[in-house]
K.L.:
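Just passing along the structure, written as structure tokens.
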Amino acid sequence: MSDSDDDWFEKDLDSFTVDVKKPENVEENVTLEIRDAKMDKEKLYKLMKGEDVSSYQNKSMEKEPSEASAKAKPKLSFTRMTAISKMSSLRAFSELYNMKNEFLEALKAKNMNKNLIILTSSCLFLACDVPFEEHKYILMKELKEIPTFWTQLAKYVTENAVSDDFHNGMEAVAKVLMRFTDISPKIRTSLKSIRIAETNKSSNPAFWETFSKFLDNPSSFVASQDTILPTTEDLLEEPKAEISPNIVKGAFSSVLEYRKTHMALLKEDFISPLRESIALYIKNYPEMTHEGLVDNIFVMPRVQLGHGEHGNAVREFVDLKFNENEKRKQSISWSEKRFLPGSLLIFTSNVTKLDDLILATVLPYDNASKNQGIIPLTIIRSKAEQKIFDGELTLIEPTTFFEPYNHVFNVLSNTTDVNMPMKRQIVDADVEINAPKYLKRMKSTKITEKGINFDISDVNSYPKAELFGLDASQMDAYKAALTRDFCLIQGPPGTGKTHIGLEIVKTLLRHTKEKILIVCYTNHALDQTLNGILEETDKIVRFGEQSKHEVLQNFTYKEVGMNRDHLVDGALKHLLWMTKQERNALSDEFHKIQVSEEVVQEKVLENVQNQMVSVTKRLFELNQLQTLLRIQDKRVFGMTTTFAARCHTLLQLLQIPIVLFEEAGEILESHIVTSLTPKTEQLILIGDHYQLKPNTTVYRLAKDFHMNLSLFERMINNNVPYVQLKKQHRMRPCIAELIRDTIYPELEDAENVLTYPNVPGMGKNLYFIRHEELEMSPKHAKFIETSKQNEYEAEILVKLCLNLIEKGTAPEDITILTMYQGQKKLLHEMRMKYDPKSSMKGTKITVVDNFQGEENKIILLSLVRSNLENSIGFVGIRNRVCVALSRAKEGMYVMGNMKMLKEVSGIWKKINEKLEKLGAIGDFIDENLLLP
């Protein structure tokens with residue numbers, strides 16, 4: 001998962017329902033039909049602004065309604081439906097779902113004439129032609145129980161010639177129906193008639209053949225009903241279902257197999273650490289009173305759930321009882337990203353049995369709530385016999401952030417044969433490369449770039465590399481990205497991956513009208529890329545609030561989108577308001593069930609909880625539509641993988657044809673797939689599978705199940721054509737030599753690296769200081785196996801850093817790297833001990849995994865591992881070795897137990913031979929290394 005985004009998606013849903021101001025051009029006497037009552041607009045505006053309307057008198061309701069009118073149901077008129085049918089699908093969506101009950105009532109008519117069938121169908125098509133899965137599911141759940149409509153629709157489709165738009169609309173409806181297994185036999189018969197007619201008449205008979213298979217065997221097509229939410233069995237027992245490994249080379253047999261494989265891996269990667277941590281807690285703290293970090297969970301006994309107002313809404317919350325426990329309040333380190341919005345919280349009164357498991361997700365909250373220890377929640381699972389607001393509970397908080405797992409899992413669960421993006425390449429492993437479809441939309445593919453004319457679709461017409469200021473391999477990458485619908489560009493360290501990516505994007509911006517999505521693993525890489533794109537266009541939106549780039553602050557969604565209230569239509573605002581009222585009513589209903597003294601049936605509680613989850617999903621979809629309306633005039637959209645995981649609906653709404661991933665070798669395949677949509681026409685992956693692999697929480701899933709195999713690497717394994725950049729512009733040749741033959745045999749040195757100055761005060765620009773001083777594990781890391789320290793290395797490297805600064809190197813030109821978080825902490829402690837004057841201020845100390853894609857003039861590297869067991873852990877992984885040894889430009893100084901490393905690792909054996917050949921390895925720092 002990528003570094004976390006403290007972005008606008010983590011804010012309260014309420015804060016994104018904009019204040020509704022009365023439009024100047026609205027007629028005073030216009031009335032709206034709202035569900036079963038009429039309300040004039042003035043009152044509606046007051047309600048939506050939160051004003052008191054208790055004394056307000058609606059003029060249209062001053063008279064007592066007659067008995068007949070009281071019984072009459074509001075209707076959706078033919079005129080109104082005609083107006084809706086002429087709207088865009090997004091506008092029609094808001095209008096129809098505002099009047100969903102009336103629309104469904106209209107579809108129950110028994111004797112529809114052709115005009116009415118066409119009209120109601122047209123409205124239905126628009127309602128289904130939007131990427132709001134929860135809204136469509138709720139509508140179709142009711143519509144599939146109206147057999148008269150389907151009978152009449154089947155008769156009309158069978159007996160009449162219909163337009164292409166009608167065929168497309170029928171396909172959109174059928175795709176929604178494919179989410180249900182419980183379609184009645186009578187409606188199934190009507191659908192079979194529609195299927196036969198559409199197979200013969202439509203331009204997409206292949207889809208209707210697929211739909212025929214669905215009707216015969218729905219269970220093999222319906223989106224998965226699995227959930228990533230853990231059960232008691234998940235947390236206390238090993239998984240019973242066998243988990244299939246990711247396929248390293250070759251095709252998946254179907255989308256179903258692909259979906260099941262990645263969903264199972266995601267679920268186990270999230271739940272396994274919880275299972276193991278809870279087992280550790282039970283084993284080591286049988287009294288169940290321990291509070292704090294236990295491996296991968298934080299445990300907090302004696303908390304209480306409550307119910308009340310939060311902001312403008314009624315919500316459940318957890319009281320951490322700061323008022324009774326000042327020590328707890330002081331001990332919580334918010335910098336450890338505790339209680340992030342979107343996090344999963346587990347509550348129980350019995351950790352040993354977990355038989356009263358309560359699951360909740362954290363809602364956004366402000367600093368006042370944080371200081372009081374009041375965290376608002378959405379309760380998503382509890383049992384009927386529980387009274388969750390009575391008594392104290394133990395809180396279990398996973399350290400693994402739940403939200404990206406949840407969103408990616410849910411997108412995968414809704415993936416089918418008919419909506420899987422890039423299926424031919426990703427599932428079928430087809431190596432055939434085609435031209436991007438958008439090239440056909442260009443008025444002319446003949447363009448002028450840098451003063452040179454050529455045909456963008458014809459690789460043979462491109463100019464020579466030097467005329468574009470590129471080397472030969474960069475030019476090959478440039479051609480591939482502009483002519484292939486599935487493009488892989490592999491870039492070893494320092495070969496200019498970001499540079500060539502910018503050249504590609506700038507060319508596309510200048511010569512096409514297409515929107516482009518930029519996705520990066522880290523905020524640093526995203527900022528770097530978007531800042532370069534600003535040289536070409538300012539029509540960009542940077543999602544997330546983790547940008548540290550000053551210029552980009554003006555292009556964040558917060559700045560770009562929040563001042564565009566006028567672009568959000570009144571129908572959407574009204575629908576948001578109504579949906580919020582529904583959510584509040586459900587929260588009240590849930591509270592009534594909890595405080596009731598009567599026995600509540602499990603199904604009743606389950607139904608309310610399911611509705612609460614549904615309304616939360618629908619609010620999220622509506623907020624994504626708000627976002628679209630505010631930014632749809634932009635051309636470049638930038639986000640991290642974490643952000644992309646949670647806004648799939650927005651990506652579907654944007655309908656972006658070109659998607660470019662930086663750092664693609666570092667991103668989980670499931671995260672890439674969920675960033676694509678059926679409208680994706682070109683995927684450009686730029687990365688390096690020889691550097692860091694995707695990160696999994698569970699090492700076993702990476703080692704034995706290949707979960708850390710990126711889509712980038714899997715496609716290369718499947719012989720999908722790719723371009724490798726070959727000329728490095730970063731490392732002094734002696735430093736590059738360490739990775740040249742061992743990892744990148746074709747790596748060449750650019751001219752600029754041949755002229756670097758020597759490191760001031762040092763006799764050598766590259767040196768490995770070998771030793772056999774033993775490592776240690778931090779005292780606080782009782783359950784943390786991955787945190788190692790080596791005091792000897794930390795002390796020597798801090799002193800060496802101070803010596804470099806004393807001899808003239810600027811502190812910010814030095815970075816100290818290590819493989820381990822424990823060593824990073826120790827290095828900071830040594831800096832405080834040996835640098836009282838803060839000479840090292842500006843020197844960055846960080847772990848290798850957080851430094852991919854970055855560089856500095858001088859790197860000091862602590863390898864840490866030195867033990868009697870010859871265990872080298874991360875230090876033996878080729879990908880991490882590659883990153884660690886390729887960050888330095890002018891000088892690199894490494895410390896480690898080379899005797900142990902070369903005995904157990906083939907790659908370190910080769911590196912040792914190179915170092916000895918260069919005379920760049922020794923047992924201590926002497927006069928050959930440090931100059932007077």
K.L.:
Centres of the F402 and Y405 rings: under 6.0 Å?
P.N.:
no
K.L.:
For Y137, is the NZ or CZ atom of R179 found under 6.0 angstrom from the centre of its six-membered ring and inside 45 degrees of the ring axis?
P.N.:
no
K.L.:
Got a sec, which residues hit side-chain hydrogen bond (donor to acceptor under 3.5 Å, both in side chains) with S272, two or more places apart in sequence or on another chain?
P.N.:
E276
K.L.:
Does the D269 side chain pair with the main chain of V698, one donor and one acceptor, at a distance under 3.5 Å?
P.N.:
yes
K.L.:
Could you tell me whether the side chain of I656 reaches within less than 4.5 Å of the side chain of T677, counting heavy atoms only?
P.N.:
no
K.L.:
Could you measure the distance from the CG atom of L235 to the CG atom of L274? Nearest 0.5 Å is fine.
P.N.:
6.0 Å
K.L.:
If you round to the nearest 0.5 Å, how far is CG of L575 from NE2 of H135?
P.N.:
5.0 Å
K.L.:
Less than 4.5 Å apart, side chain to side chain, heavy atoms only: is that true for S587 and H307?
P.N.:
yes
K.L.:
Do W150 side-chain atoms and L143 backbone N/O form a donor-acceptor pair below 3.5 Å?
P.N.:
yes
K.L.:
Does a side-chain N-to-carboxylate-O contact under 4.0 Å join D226 and K267?
P.N.:
no
K.L.:
Are the side chains of Y258 and E669 in touch, meaning some heavy atoms are under 4.5 Å apart?
P.N.:
yes
K.L.:
Answer yes or no: is there a donor N or O on one side and an acceptor on the other, between the side chain of T394 and the main chain of P301, under 3.5 Å?
P.N.:
no
K.L.:
Quick one: does T696's side chain have a donor or acceptor within less than 3.5 Å of a partner on M707's backbone?
P.N.:
no
K.L.:
Can you see whether D234 engages T231 through a side-chain donor-acceptor pair at a distance of less than 3.5 angstrom?
P.N.:
yes
K.L.:
Working to the nearest 0.5 angstrom, can you tell me the gap between S277 OG and I396 CD1?
P.N.:
9.5 Å
K.L.:
Run K370 and R338 through side chain to side chain contact (heavy atoms under 4.5 Å, CB included) and show every step you take.
P.N.:
CA-CA 10 Å; K370 178 193 291 187; R338 301 288 305 275; over 6 Å; no
K.L.:
Looking only at heavy atoms, which two atoms of A127 and L139 are closest? And how far apart?
P.N.:
CB-CD2, 4.0 Å
K.L.:
Are more than 12 heavy atoms from other residues, nucleotides or ligands located less than 6.0 Å from atom NZ of K260?
P.N.:
no
K.L.:
What pair of heavy atoms forms the shortest contact from M612 to I379, and how long is it?
P.N.:
CE-O, 4.4 Å
K.L.:
Quick one: are E403 and S343 in side-chain contact, heavy atoms under 4.5 Å?
P.N.:
no
K.L.:
I'd like to know whether D565 forms a salt bridge (Lys or Arg N to Asp or Glu O under 4.0 Å) with K573, so could you lay out the CA-CA distance, the side-chain angles of the two residues, the decisive distance to 0.1 Å, and finally the verdict.
P.N.:
CA-CA 10 Å; D565 180 35; K573 294 173 183 178; 3.5 Å; yes
K.L.:
Flag the pair F590 / L605 as yes when at least one side-chain heavy-atom distance between them is below 4.5 Å, and no otherwise.
P.N.:
yes
K.L.:
Using the rule given for salt bridge (Lys or Arg N to Asp or Glu O under 4.0 Å), can you reason through K100 versus E142, listing the C-alpha separation, both sets of side-chain angles and the distance that settles it, and then say yes or no?
P.N.:
CA-CA 10 Å; K100 178 172 73 74; E142 297 187 52; 2.7 Å; yes
K.L.:
So, for F620 and H648, is the gap between ring centers shorter than 6.0 Å?
P.N.:
no
K.L.:
Look only at the side chain of K108 and the backbone of I146, and say whether a donor-acceptor pair between them is shorter than 3.5 Å.
P.N.:
no
K.L.:
Could you measure the distance from the CG atom of L395 to the CD atom of Q304? Nearest 0.5 Å is fine.
P.N.:
13.0 Å
K.L.:
For the pair K387 (side chain) and I593 (backbone), establish whether a donor and an acceptor sit closer than 3.5 Å, ignoring hydrogens and angles.
P.N.:
yes
K.L.:
Thinking salt bridges, do E392 and K321 make one under a 4.0 Å N-O criterion?
P.N.:
yes
K.L.:
Answer yes when K240 and E233 have at least one side-chain N-carboxylate O distance shorter than 4.0 Å, and no when they do not.
P.N.:
no
K.L.:
Do any side-chain atoms of residues 346-353 form donor-acceptor pairs under 3.5 angstrom with protein atoms, and if so which ones, sequence neighbours left out?
P.N.:
{"unit_1": "T348", "atom_1": "OG1", "unit_2": "N350", "atom_2": "N", "d": "3.0"}
{"unit_1": "T348", "atom_1": "OG1", "unit_2": "N350", "atom_2": "O", "d": "3.2"}
{"unit_1": "T348", "atom_1": "OG1", "unit_2": "D356", "atom_2": "OD1", "d": "2.6"}
{"unit_1": "S349", "atom_1": "OG", "unit_2": "D356", "atom_2": "OD2", "d": "2.3"}
{"unit_1": "N350", "atom_1": "OD1", "unit_2": "T352", "atom_2": "N", "d": "3.1"}
{"unit_1": "N350", "atom_1": "OD1", "unit_2": "K353", "atom_2": "N", "d": "3.2"}

K.L.:
Does any N or O in the side chain of N371 come within less than 3.5 Å of the main-chain N or O of N367, such that one atom is a donor and the other an acceptor?
P.N.:
yes
K.L.:
Take L650 and F543 through the test side chain to side chain contact (heavy atoms under 4.5 Å, CB included) and record every step on the way to the result.
P.N.:
CA-CA 12 Å; L650 176 62; F543 288 95; 3.8 Å; yes
K.L.:
Show your working on side chain to side chain contact (heavy atoms under 4.5 Å, CB included) between S254 and V427 and close with a plain yes or no.
P.N.:
CA-CA 7 Å; S254 64; V427 177; 5.9 Å; no
K.L.:
Would you confirm whether K136, through its side chain, and V130, through its main-chain N or O, come within 3.5 Å as a donor-acceptor pair?
P.N.:
yes
K.L.:
Could you go step by step and tell me if T627 and I631 meet the side chain to side chain contact (heavy atoms under 4.5 Å, CB included) rule?
P.N.:
CA-CA 6 Å; T627 302; I631 62 170; 4.0 Å; yes
K.L.:
Answer yes or no: is there a donor N or O on one side and an acceptor on the other, between the side chain of N419 and the main chain of T416, under 3.5 Å?
P.N.:
yes
K.L.:
Salt bridge or not for E268 and R275, using N-O below 4.0 Å?
P.N.:
yes
K.L.:
Where is the tightest heavy-atom contact between T181 and R188, given as atom of each residue plus distance?
P.N.:
O-NH2, 3.8 Å
K.L.:
Would a 4.5 Å heavy-atom cut-off, applied to side chains only, mark E316 and F389 as touching?
P.N.:
yes
K.L.:
Mind checking whether C128 and L124 have side chains closer than 4.5 Å, heavy atoms only?
P.N.:
yes
K.L.:
Would you say C123 and E95 make side-chain contact, with heavy atoms under 4.5 Å?
P.N.:
no
K.L.:
Looking at every non-hydrogen atom in both residues, tell me the closest pair between P230 and L357 and how far apart they are.
P.N.:
O-CD2, 3.7 Å
K.L.:
Measure centre to centre between the rings of H262 and F409, then say whether the value is under 6.0 Å.
P.N.:
no
K.L.:
How long is the straight-line distance from CG of L229 back to CG of N406, given to the nearest 0.5 Å?
P.N.:
6.5 Å
K.L.:
Between the side chain of E621 and the main-chain N/O of E134, is any donor-acceptor distance below 3.5 Å?
P.N.:
yes
K.L.:
Could you tell me the separation between the OG atom of S675 and the CG atom of L651, rounded to the nearest 0.5 Å?
P.N.:
6.0 Å
K.L.:
Write down the atom of S244, the atom of T261, and the distance for their closest heavy-atom approach.
P.N.:
O-CG2, 3.7 Å
K.L.:
Please say whether more than 12 non-hydrogen atoms of neighbouring residues, nucleotides or ligands are located less than 6.0 Å from NZ in K679.
P.N.:
no
K.L.:
So which atom in F180 and which in F214 form the shortest heavy-atom distance, rounded to 0.1 Å?
P.N.:
O-CZ, 3.3 Å
